[in-house]
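Here the structure is a predicted model, which means the values were calculated and not measured. Side chains included, hydrogens not; waters and symmetry mates left out as well; all remaining heavy atoms used. Quick note on labels: first sequence line is chain A, next is B, and so on, each numbered from 1.
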Amino acid sequence: MSSTASRTNTFGVVPPRPALSLDHLGFAIAVLIGVALFAAPFATYRATRIASGEARLLIEALPIAMAAALVLVALGVAIGAVLVRDPLSRLGSAVIGLAVLLPSLGLSAGYLTPADNTFARVSPSLGFWLLSLAFSLLAVDALARMRLGPYGRLTALAVGVSALALLLLSGIWDDLSILREYYTRADSFWREARQHLLLASGSMAAACLLGVPLGIVSHRLRTLRIAVMQGLSIVQTVPSIALFGLLMAPLGAIAASVPLAAALGIKGIGAAPAFIALFLYALLPIVANTIAGLSQVPSAVVDAARGMGMSARQRLVDVEMPLALPVILAGIRIVLVQNFGLATVAALIGGGGFGTFVFQGIGQTAIDLVLLGAIPTVALSFAASIVLDALVDLSKGTPA
Amino acid sequence: MTPASFVRLTALLVLAAFIAMPQVFAFLFEPLIAPGAPAIYNQGSLLVLTLQHLRTVCLATMVSTVLAVALGIFVTRPAGAEFLPLSRSLVNIGQTFPPIAVLAIAVPLVGFGEKPTFIALFLYGLLPIFENTLTGLTQVPSPTLEAARGMGMNARQRLVQVELPLALPVILAGIRLSVIISLGTATIGSTVAAKGLGEVIIAGLQSNNIAFVLQGGLVVALLAVLIHDGLVLVERVAARRLGGSLNEVS
Amino acid sequence: MIEIDRLTKRYGATLVVDDVSFAVEEGTLAVVVGTSGAGKSTLLRMINRLVEPSAGRVLIDGEDTRAIPEDELRHRIGYVIQGYGLFPHRNVADNIATVPRLLRWDSKKVAQRVEELLDLFQLEPAEFAHKFPHELSGGQQQRVGVARALAARPALLLMDEPFGALDAVIRSKAQDDLLAIQRRLGTTIVLVTHDMNEAFRLGDRIAVMDQARLLQYATPAELLMRPADDFVERLVGSAERPFRLLSLIRVQEALEPGHAEGEPIAASESLHDALSRLLWTGRKALPVADASGALIGQVSVGGILQRGRPLP
């Protein structure tokens, strides 16, 4: 009944789907799986970490029984993708696919690496990437169709993170080239990780401390608002590496003339210009969203609060800010995702962070080293976006 | 002339003069350098680098625009509707990838030079344009579409005469976002040996020459701000002309 | 003539329009009235095939609409919706020119037609042709919407709550204008509304729908005097009935000989208007004048009251 009502009430531009039709997306995913299984190499073998790679097909990369099992599971997922419409079943089949695929990659590395050879490197190749892409697409599509609530999404994230942690801690992937890169520089990895987090979240916290009050004042003063927004949007337009460069000269001059600044670690290159640049980039979304959040508070609500004798301070703290919170949080989400990405560039001016591995990797044409920097960055941004999206939804649902 | 447009025009003239004749400005940068070091970038022509930078950005944006708009149209038609929820999620996920990661991953696959930069610019440029095409096409008011259908416009006529014109300002805003991101990514592209203005900054960082870093940063920043303003202007003109474009008859 | 023949629409197991048949004579205005969700809009949208019927057919001058390609059919049928759906990116003239251009009229003919319609709808071409929809008032938008629907001289005009977005004063004027234009052009109109007053004011015949079914299709007077069932009776409104009936009858029909005092009333006005004047002025009778202004008799309170109930 409800579906009929919605169809008759809204303009029925999209015709109802025929009962028996091929699922186009499922079909595309099945084709991807087919190509990945039979037309692309599964893994790449290199005699040393910078030697050129040799492709290994699935049947060469795994013991025959394992290869057969993987092919069967993948084909099952492909058939399910075409025939089954129910999102929960599709999610289930994608998860099973990943649960078989990810450990097999580790097994393949162990299988391909000659015993006691510490120079040889095995890394995933096109076939593996396509398979994981296909399974992930299926999972993402199913999750999108399930329209999970904030807790559902957080749970899905927690499950994903735990599964990944389990894979890493179990040692099943230890023979993979990217983990070999990690083990040779585990200390610097965690140091750069801490630096990356500090740069990104520290500059965000500083931007919140200044940006939210600035937004509150700008919301009231039109002239200030226009000036602040114009200035910040110009800053936002300047490419990151250029902004780093522009900050180096004045910071260098300060360090040279103010001994205290130099003692505090402020100098032309390093973390200081990176931190300041990230902070400047972060200001625009925070100020803009604070203003937007405050201006969408219904004036009737503010009037009512006034009528009940709340002071300007009480109105701001008890009424306006809670109502503006979801929009401000959305600004923080933008900033955090943006900062995790931009912080990679900081390595160029000696600011550290995961970018260090990326740029080292580019220099040495060592893709594993690039990935060692890039994958954690993407994972951090991705997790931050899911967590903050959920927080935005929660803050809408239960106003404080 | 308003003060704002005066400032812009001045900035444009200064930028053009600096790119064409950087030596004239050498006195400004001399205080920053160690004795004996060059004050002005001397490993290539700023003009050539600027043009190469802009060429890469233009080409990549054009290819991204064509593909992103086509994809946006496809997933909003009944035939592509099954891809709509997935493509929305993919855009969200894609934007959590920093451009530098895309660039870095492309290098081992296609080698150093223009190619990885072009790939990164193209892939990352797709996202804002695709997202805005989706927004623009899905926010066309349903009574307007209903009226178009009721007057006997076929699907193609509705798309060309109603949906795309109404979505155009939003699509243009997406292209602007994409261009600005690309200008920045192309600068980083110099770390993988793509020709562009990033070279000046990288050279400065490597030889510890603050003057190079500063002039590279200034040129890139001014270029980005001016192009941003120029594209905003184009959007306004387009939004205004939208109404008058079919006027020739009456 | 439009014949709607056993038209049915089903979504899954739910019937939205159930076996509806009626015919609309050339040059008349039929109103489809009913509560929301009764299936009125779906019925209307099946006439220009925006919704494909599950069963039944529509004949326009004897021609089955299924034999005509969809878009061609819609070029021949004017369509006005609530909110009008004017193209925000096109000015008034271009909005009105939409269908003629789809039909590839030459540009001179299009310009001429646009000017004609702007005149017809009292929109000064020099002032309005180049305005954009957002620069127009609600009433002006409504007129442009109807003008656009009439641009290619359709023989049939479909209107779905065309006055729904207007305030009371403008609505009444727009209704009068529609009737005047319909009389002048002789267009056949099918109009959907949930407003019974509007139905009585505009309809030559009224189709009452409820829960997907057509309950009664009759002239306004018949509907008042012989409602098909309780639902129709309630919808017509028992308390309002006598007044509705009086507003359907011309003074001419209650003309009596005699010469009453006071300002004469025109023979073409309704008995409802005559009764209002009598009550307000406190008189027992009013003189009646014909179109030329000559007195032709009188109309009395007693004479009017006799007609405010069903004839035996």
Side-chain angles (χ1 to χ4, degrees), chain A residues 10-11 13-15 17 23-26 28 137 140-141 143-145 230 233-234 236-249 252-253 268-269 337-338 340-345 348-350 355 358-359 361-363 365-367 370-371 373-375 377-378 381-382 384-385 389, chain B residues 4 32 78-83 85-86 88-90 92-93 95-105 107-109 111-112 142-143 145-146 149 180-181 183-188 190-192 197-198 201-202 204-205 208 210-214 216-221 224-225 227-229:
Chain A
T10 56
F11 302 112
V13 179
V14 182
R17 192 152 68 177
D23 184 289
H24 292 123
L25 174 68
L137 284 181
V140 167
D141 179 59
L143 287 169
R145 283 174 198 277
Q230 270 183 353
S233 75
I234 289 178
Q236 196 81 16
T237 309
V238 176
S240 53
I241 181 172
L243 188 58
F244 291 156
L246 293 181
L247 288 169
M248 280 172 72
I269 57 166
V337 170
Q338 171 183 294
F340 278 133
L342 284 174
T344 8
V345 185
L348 263 187
I349 54 165
V358 174
F359 288 112
I362 291 176
T365 40
I367 188 169
V370 169
L371 289 177
I375 290 177
T377 311
V378 172
S381 309
F382 184 59
S385 73
D389 273 341
Chain B
L32 293 170
E82 281 170 346
F83 293 88
L86 176 69
R88 276 187 201 280
S89 321
L90 284 186
N92 279 335
I93 295 172
Q95 278 164 343
T96 62
F97 276 67
I100 175 73
V102 183
L103 184 69
I105 292 168
V107 172
L109 299 179
F112 281 93
S142 50
L145 279 181
E146 166 84 351
R149 230 159 68 89
I180 295 306
I181 295 172
L183 278 169
T185 312
T187 316
I188 305 174
S190 299
T191 57
V192 298
L197 288 167
I201 301 176
I202 305 286
L205 289 171
N208 217 355
I210 294 277
F212 284 9
V213 175
L214 191 60
L218 276 174
V219 172
V220 172
V225 171
I227 288 177
H228 177 271
D229 282 1

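Residue contact with chain A, scored on non-hydrogen atoms closer than 4.5 Å, involves the backbone of B:A79 exclusively. Interface residue B:F112: only side-chain heavy atoms are found under 4.5 Å from chain A. For A:L371, the part lying under 4.5 angstrom from a heavy atom of chain B is the side chain only. Proximity to chain A is absent for every atom of B:I227, based on heavy atoms less than 4.5 angstrom apart. Only the side chain of B:I180 comes within less than 4.5 Å of a heavy atom in chain A; its backbone stays farther off. Using a 4.5 Å cut-off between heavy atoms, B:L214 touches chain A through backbone and side chain atoms alike.
For the set B:N92, B:T96, B:I181, the count of heavy-atom pairs under 4.5 angstrom toward chain A peaks at B:T96. Listed options A:L143, A:T237, A:I234, A:L243 were ranked by heavy-atom pairs under 4.5 angstrom with chain B; first place goes to A:T237. Highest contact tally toward chain B, considering only A:L137, A:L246, A:V238, is held by A:L246 [criterion: heavy-atom pairs under 4.5 Å]. Comparing B:L90, B:I93, B:V192, B:L183 by how many heavy-atom pairs each has under 4.5 Å with chain A, the most go to B:I93.
The shortest heavy-atom contact between B:I100 and A:G341 is CG2-O, 4.1 Å. Contact record, B:E82 with A:R145: O-NH2, 2.7 Å, taken as the closest heavy-atom pair. B:A224 approaches A:P239 most closely through the heavy-atom pair CB-CD, 3.7 Å. The two residues B:S89 and A:A144 have their closest heavy-atom pair at OG-CB, 3.4 Å.
Counting heavy-atom neighbours within 6.0 Å of B:F97 CZ, excluding the residue itself, gives a total of 12 or less.
With contacts defined as side-chain heavy-atom distances shorter than 4.5 Å, the pair B:I188/A:S240 qualifies.
In this structure, OG on A:S385 lies 10.0 Å from CD on B:Q95, to the nearest 0.5 angstrom.
Residues satisfying the side-chain contact (heavy atoms from CB on, under 4.5 Å) criterion with A:L25, sequence neighbours excluded, are A:D23, A:I29, A:R90, A:D141, B:F83, B:L86. Legend: residues meeting side-chain hydrogen bond (donor to acceptor under 3.5 Å, both in side chains) with A:D389, ordered by chain and number and at least two apart, are A:R333.
Tested against B:I201, the residues A:I349, A:L348, A:I241 include a single side chain to side chain contact (heavy atoms under 4.5 Å, CB included) partner, A:I241.
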